[in-house]
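Notes for the one structure printed next.
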Amino acid sequence: MAVLTEKAKINPDLKPDRLAVGLGGLASILIIFVLGFLWLRDGQATQVVKAFVAIVWGVSGVAGLYFFANMSAESLPERWMKRVQPFVFVGPAMALLGWYLAIPTLRTFFASLYNQQGEFGLSNYVAVFTERIMVEAWTNNILWMIVGTTLTVSLGLLIAILADRSRFENIAKSLIFMPMAISMVGAGVIWKFVYDRNPDIGLLNAVVQSAGGEPQAWLSLVQPWNNLFLIVVMVWLQTGYAMVLISAAIKGVPDDLLEAARVDGATEVQIFFRIIIPSIAGTLVTVITTVIIFTLKIFDVVMVMTGGQFGTEVIGVRFYREMFTSRNDGYASAIAIVLLLAVVPVMIYNLRQFSKRETF
Amino acid sequence: MSQANPSLAKDSVFQSLLSGFRSARGAKRRSALIVNGVLFLIVFIWTIPTLGLFISSFRPEQDVKTSGWWTVFPHQAWTTVEEARPIPQGQTRDQPITIEGVTAMFDQWTKGVQIDADTRIIWKGNLRTGRLEVQQLRWTFNPILTMDNYNRVLAGKEYQLQRPDGTTFTVQGDDLTAGFLNSLAVTIPSTIIPILVAAFAAYGFAWMDFPGRRALFIVVVALLVVPLQIALVPILRDYVSLRLNGTFLGIWLAHAGFGLPLATYLLYNYISTLPKEILESAFIDGASHFTVFVRLILPLSVPALASFAIFQFLWVWNDYLVALIFMGITTDRSSHVLTMRIAEMVGSRGQDWHLLTAAAFISMVVPLAVFFGLQRYFVRGLMAGSIKG
Amino acid sequence: MRKIGLMGASIALLVLSSGVFAQGGCPAEWTNMSAELTAACNGELRGTIVTMSGPFTDADEVKFNESVAAFEEWTGIDIQYTGSKEFEAAITAAVKGGAAPDIVDFPQPGLLRSFVNDGLVIDVSTFIPAEHLTANYSQSWLDMAQMGGIMAGVWARYNGKSLVWYNIKAFEEAGYEIPTTWDELMALSDQIVADGSSPWCVGIESGAATGWPATDWMEEIMLRTTSLENYDRWSFPASPEERLLFTDPVVKNAAEKLAEVWFTENYVAGGRAAIAGTFFGDAPAGMFSDPPTCYMHKQGNFITSFFPEGLVAGEDYGFFYLPGIDETYGKPFLVAGDIYAMFNDRPEVRAVMDFFSRGESLRTWLASGGALSPHNDTPLEWYGSEVERGIAALVAESTSVRFDGSDLMPGAVGAGSFWKGMTDWVSGTVDLDTALREIDAAWPQ
């Protein structure tokens with residue numbers, strides 16, 4: 001290994017000099033952090049200067065934090081180092097996650113146990129599963145999850161495979177990716193031009209009309225199919241995500257493997273199923289997991305296009321409305337907690353994969 | 001370790017294709033045709049909606065709101081050749097009406113009834129005071145294209161106001177420069193910080209053993225599904241006491257925190273699939289975790305880092321809610337990000353929604369540039385090189 | 001704040017030279033001023049900042065800023081207004097997170113009420129003299145500002161709702177007369193149908209807020225088919241026992257009356273599908289197409305900003321009052337508007353709140369068009385456009401003024417189940433009884 005010229009011999013004993021340097025560095029980094037924080041918060045420089053300083057400050061500060069924390073950890077006796085070092089690696093991430101998401105989630109859990117009259121109990125959870133609108137939302141979310149995930153992942157895979165074999169790879173991938181770069185308000189207008197009831201504005205109705213059909217209010221009155229029209233919007237927006245990740249994985253399939261298979265006379269279809277799919281299985285699981293979670297959380301597409309009306313209600317929209325329109329915190333919290341429980345199967349699957357791993 | 005040259009790797013694929021399948025050259029060409037054909041079809045369908053927006057962004061407001069964007073292309077349309085022919089009087093809605101020997105109900109006449117292959121008669125107006133028009137199918141197109149939408153979005157709108165004394169004056173609205181700068185200032189640190197933090201954590205989960213490892217990993221996966229809205233109020237409260245509200249620092253940390261679960265999860269999945277053998281040999285050489293991570297794992301993870309960087313960049317760039325909560329309410333317009341400026345532009349009631357056509361493209365430029373810039377890191381052969389090395 | 005070329009320069013000049021005008025810069029007509037407003041007019045609060053947030057953006061924001069510019073110059077108080085979309089979420093988070101701006105503009109008093117119940121809003125009657133409030137607002141405005149035992153804010157502007165817009169030229173060409181009673185309106189509708197067209201254009205689609213135009217129609221008909229007491233019990237009941245349920249025959253009767261207009265064949269261009277599937281802003285366009293697909297459109301005065309460019313009020317389009325149905329209930333007028341509430345108590349905030357309780361705070365806005373003034377000290381000639389002067393006159397002639405009921409209701413109903421219930425009913429997802437029952441169910445206990 002040419003890169004690993006530096007032979008940091010692991011010493012079983014404490015190295016006080018290194019520990020001193022490490023802790024000193026850590027302390028100075030923390031001071032720099034606080035000073036930078038104060039300056040960025042209260043300083044008078046223009047935004048451009050601040051942004052530039054912040055990038056340098058944030059990135060090098062975080063990097064320095066890891067460097068010195070690690071140096072301190074490595075100076076400890078080996079037994080202690082093995083215990084401390086992992087937390088140098090995962091600790092900062094866990095701290096941020098704890099502050100920004102985990103603690104609010106715990107509070108949400110407690111809030112979910114109180115109904116609007118302040119009574120303690122499970123009444124919010126009962127309502128989450130029994131109200132007609134919530135039942136509608138759950139049903140729709142299952143549809144989103146199954147249809148949306150299937151379409152997004154399979155189209156992403158198909159495009160990634162095709163693009164990998166095409167001379168037009170870059171342009172094709174860029175065009176598929178483009179919708180991801182469009183803001184949701186922009187996407188709303190784009191799809192208005194497709195779905196609008198007026199055949200002079202909506203492309204779909206213009207096509208239907210020129211084929212002799214009657215224009216339809218696709219998003220409102222064509223129930224329950226309007227859900228599928230909304231899912232199409234999500235698929236259009238998110239396939240780029242699946243494509244980018246899968247494409248990166250395909251690039252990782254070793255060439256010699258493919259060459260060998262071709263020399264052995266395997267067809268492209270066989271290569272696809274026997275070599276490519278197994279090689280990128282890990283990535284596929286990742287993509288499927290994240291897209292399932294996207295579809296469970298789906299919010300903005302529905303909110304912008306129909307507001308959850310016309311039988312298109314989904315959990316994300318219900319949650320938002322209970323939280324901000326009705327200001328019914330307990331109920332909104334219960335929805336969020338149930339959403340969390342809904343991904344337990346996904347978590348278990350991921351944990352199982354995780355537990356199989358060997359570590360050092 | 002010899003870093004395999006990506007272009008060489010590509011060439012070697014070509015070489016192998018050529019040498020291995022010289023005998024089946026025709027089949028090869030056919031398959032390339034199918035690949036490109038299917039790809040073209042998908043890309044074409046994918047692009048139509050955006051194309052519609054793109055064309056619309058160059059059309060005048062009235063055209064955008066009354067006719068389809070596809071009418072800018074030559075198409076056959078019914079064109080009036082004879083106006084103001086008198087209507088038959090005394091007709092009713094429920095009785096058939098005969099004109100030029102053709103009989104139809106009134107509601108059909110108002111939609112136009114064909115009297116021969118390329119001529120139709122259409123009843124315009126009501127039963128008493130309307131008129132008949134003769135129309136023929138003609139090739140036509142709708143050629144008016146303008147930069148007005150872009151001008152109004154980029155340079156700011158002009159507002160006509162009136163003073164109490166009756167004199168009018170014009171107020172020039174803000175241009176988008178500040179919005180662009182603010183968005184960049186928010187987005188770049190919000191992208192880099194979580195990647196760095198998540199990469200360390202991902203390595204820790206993938207290759208280090210420590211108590212609580214499984215539990216913490218489950219927390220990461222679970223937090224993927226937590227809607228960030230639940231955190232807005234508690235974080236805002238913390239920010240108020242830390243005086244972080246309305247600062248760039250606050251919003252960077254918020255985006256970093258909200259993006260971390262996905263960053264950690266994606267990077268973990270990539271880093272954990274790197275071949276064990278590379279790390280093993282490094283550890284035998286006496287390297288520490290830190291060295292392995294910095295010297296070996298990070299360079300090998302460039303495609304994953306680049307993909308996540310792209311996603312995080314454009315999610316933050318297009319974010320509206322987080323910016324609104326932490327920057328919007330308590331700061332004045334000079335620190336508003338692009339998405340907020342664009343949302344404000346359509347007016348209190350959304351009456352100027354046609355401006356979103358141009359605004360969508362303007363705001364898309366930066367994320368697309370980032371995509372193109374980072375796309376070159378998605379190359380074949382990184383891994384191959386590392387194994388051989 | 002980047003303010004804008006010549007204007008900016010002239011304001012800066014005025015501010016610089018304002019030492020000269022500072023003393024007694026405020027209008028001499030102002031009477032019954034609060035101590036803080038008096039202090040501000042004497043220049044004692046110079047250099048202070050008042051932050052404000054609300055849903056005005058774009059042109060409305062410019063008009064707002066221009067309208068308060070004179071006051072800023074007289075007093076040296078800087079009013080920093082930030083407008084946003086997603087206003088409800090933003091303000092809910094800000095208030096609960098402890099980052100509320102000094103003054104918040106609520107277009108939905110129902111949302112304000114929930115903050116009052118949490119004890120977060122400052123009672124304006126503690127510092128604005130009662131004589132001034134009673135003199136400058138009619139009683140119904142004051143009643144609507146009374147929430148949870150306090151005066152929760154001051155009404156700053158409003159919009160007229162009970163208006164039917166029509167295409168003047170199309171009316172003339174077809175020889176239609178403006179109806180003055182409900183029967184005439186229905187007779188005209190029948191006439192238009194018989195003539196082979198559709199009288200009404202209706203669209204209730206509005207993205208996340210889909211359904212709100214339907215609630216406006218319901219409120220209009222409620223006001224015209226039942227007593228004001230019932231309307232008040234329906235929209236903001238004083239106690240839960242008093243509440244008029246949506247399932248009450250009175251409400252159902254109003255919905256059935258609405259169905260007579262909306263669901264009668266050919267009454268609405270495009271039928272039920274068009275009502276549910278048309279963006280509310282696109283709906284009036286049918287009146288101005290050639291030939292018109294409809295002749296009348298009921299909507300608030302803001303709708304003119306959606307009319308095709310270049311149309312002139314009084315020549316191309318006009319409006320008339322949506323006539324009463326039952327004479328017993330007189331000529332009610334439905335309005336919507338903005339109430340400004342105060343979250344932080346400082347002298348300069350008090351002074352600014354007192355300022356907003358005076359017509360002067362809207363002067364440039366009234367001249368420029370787009371708002372109506374609820375203040376009694378606003379003379380009709382301040383209005384710059386005939387349309388708004390006409391509406392103000394209609395309001396003055398009306399026998400009662402009531403606020404948009406859905407905006408008064410709690411958010412869960414007024415911006416939630418009411419929209420949804422109406423939409424579900426119109427699009428045929430549920431029948432009327434189910435819709436009304438579900439609207440009721442969302443009312444917080």
Side-chain angles (χ1 to χ4, degrees), chain A residues 1-4 7-9 40-41 47 51 54-55 58-59 62 70 86 89-90 92-93 96-97 100-101 104-105 108 162 165-166 172 175-177 181-183 185-186 189-190 193-194 200 206 244-245 248 251-252 254-255 259 262-263 282 286 293 336 339-340 343 347 350-351 354 359-360, chain B residues 1 16 20 35-36 39 43 46-47 49 52-53 67-68 181 185 188-189 192-193 196-197 200-201 204 207-210 217-218 221 223-227 230-231 234 247 249 257 260 264 269 273 281-282 285-288 290 295 303 307 314 318 356 360 363-364 367-368 371 378 380 383-384:
Chain A
M1 279 283 158
V3 268
L4 299 169
K7 302 217 169 176
K9 271 272 180 282
L40 285 168
R41 189 184 70 182
Q47 281 138 16
I55 294 168
V59 175
V62 171
N70 179 69
F89 275 67
V90 295
L96 267 180
L97 275 183
Y100 281 94
L101 287 167
T105 306
T108 300
L162 292 176
R165 279 131 202 273
S166 170
L175 287 169
I176 300 290
F177 177 84
I182 294 174
S183 61
V185 278
V189 178
I190 289 187
F193 287 134
V194 176
D200 285 334
V244 166
L245 289 179
K251 301 285 176 214
D255 290 334
E259 277 168 46
R262 290 203 176 98
V263 171
T286 315
I293 287 171
L339 205 56
L340 201 60
V343 290
M347 287 195 274
N350 273 281
L351 187 64
F354 184 75
T359 53
F360 292 102
Chain B
M1 186 183 82
S16 73
V35 164
N36 285 327
L39 193 62
V43 170
W46 229 255
T47 317
L53 188 77
S67 67
L181 289 176
I188 294 172
I192 298 175
I193 295 173
L196 199 62
V197 176
F200 270 98
W207 300 108
M208 293 168 116
D209 197 19
F210 56 95
F217 183 72
I218 268 301
V221 179
L223 291 181
L224 278 174
V225 80
V226 170
I230 64 160
T247 64
L249 181 63
L260 259 186
T264 310
N269 277 293
T273 55
S281 55
D285 285 354
S288 70
F290 194 78
R295 297 276 176 86
S307 342
L314 48 97
N318 285 330
L356 290 175
S363 81
M364 228 163 83
L368 277 185
F371 177 74
F378 306 134
R380 186 185 299 283
M383 209 60 64

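A note on names: the letters A, B, ... follow the listed sequences, proteins ahead of strands, and every chain is numbered from 1.
Ranked by non-hydrogen atom pairs under 4.5 Å with chain B, the options A:Gly186, A:Pro86, A:Ala93, A:Gly282 are led by A:Pro86. Of the listed residues (B:Pro49, B:Pro189, B:Gly204), the one with the most heavy-atom contacts under 4.5 Å to chain A is B:Pro49. Of the residues considered (B:Thr247, B:Asp209, B:Val221), B:Asp209 shows the highest number of contacts with chain A, using heavy-atom pairs under 4.5 Å. The greatest number of non-hydrogen atom pairs below 4.5 Å with chain B, out of A:Leu339, A:Val185, A:Val244, is found for A:Val244. In terms of non-hydrogen atom pairs under 4.5 Å with chain B, the most contact-rich of A:Thr105, A:Val59, A:Leu245, A:Leu97 is A:Leu97. Chosen from B:Thr273, B:Leu368, B:Ile193, B:Thr264, the residue pairing most often with chain A at heavy-atom distances under 4.5 Å is B:Leu368. The candidate from A:Leu96, A:Thr286, A:Leu175, A:Ile293 with the greatest count of non-hydrogen atom pairs under 4.5 Å with chain B is A:Thr286. Between chain B and the options A:Val189, A:Val343, A:Val62, A:Leu162, the largest number of non-hydrogen pairs under 4.5 Å is found for A:Leu162. Highest contact tally toward chain A, considering only B:Val225, B:Val43, B:Val197, B:Leu53, is held by B:Val225 [criterion: heavy-atom pairs under 4.5 Å]. Contact tally against chain A (heavy-atom pairs below 4.5 Å) for B:Gly52, B:Ser363, B:Gly68: the top residue is B:Gly68.
Contact annotation for B:Leu39: both backbone and side-chain heavy atoms come within less than 4.5 Å of a heavy atom of chain A. At a 4.5 Å heavy-atom cutoff, the contact between B:Leu224 and chain A is made by backbone and side-chain atoms alike.
In plain terms, the two heavy atoms of B:Pro234 and B:Ala231 that are nearest each other are CD-O, 3.4 Å. In this structure, A:Phe89 and A:Asn70 approach most closely via the heavy-atom pair CE1-OD1, 4.1 Å. For B:Asn318 against A:Ser183, the heavy-atom pair with the smallest separation is OD1-CB, 3.5 Å. Residues A:Leu340 and A:Met347 come closest through the heavy atom pair O-CE, 3.8 Å. A:Thr108 approaches A:Ala336 most closely through the heavy-atom pair CG2-CB, 4.2 Å.
Classified by interplanar angle (parallel below 30°, tilted 30° to 60°, perpendicular above 60°), the ring pair B:Phe371/A:Phe177 is parallel.
Interatomic distance, CG of B:Leu223 versus OH of A:Tyr100, reported as 14.5 Å (0.5 Å rounding).
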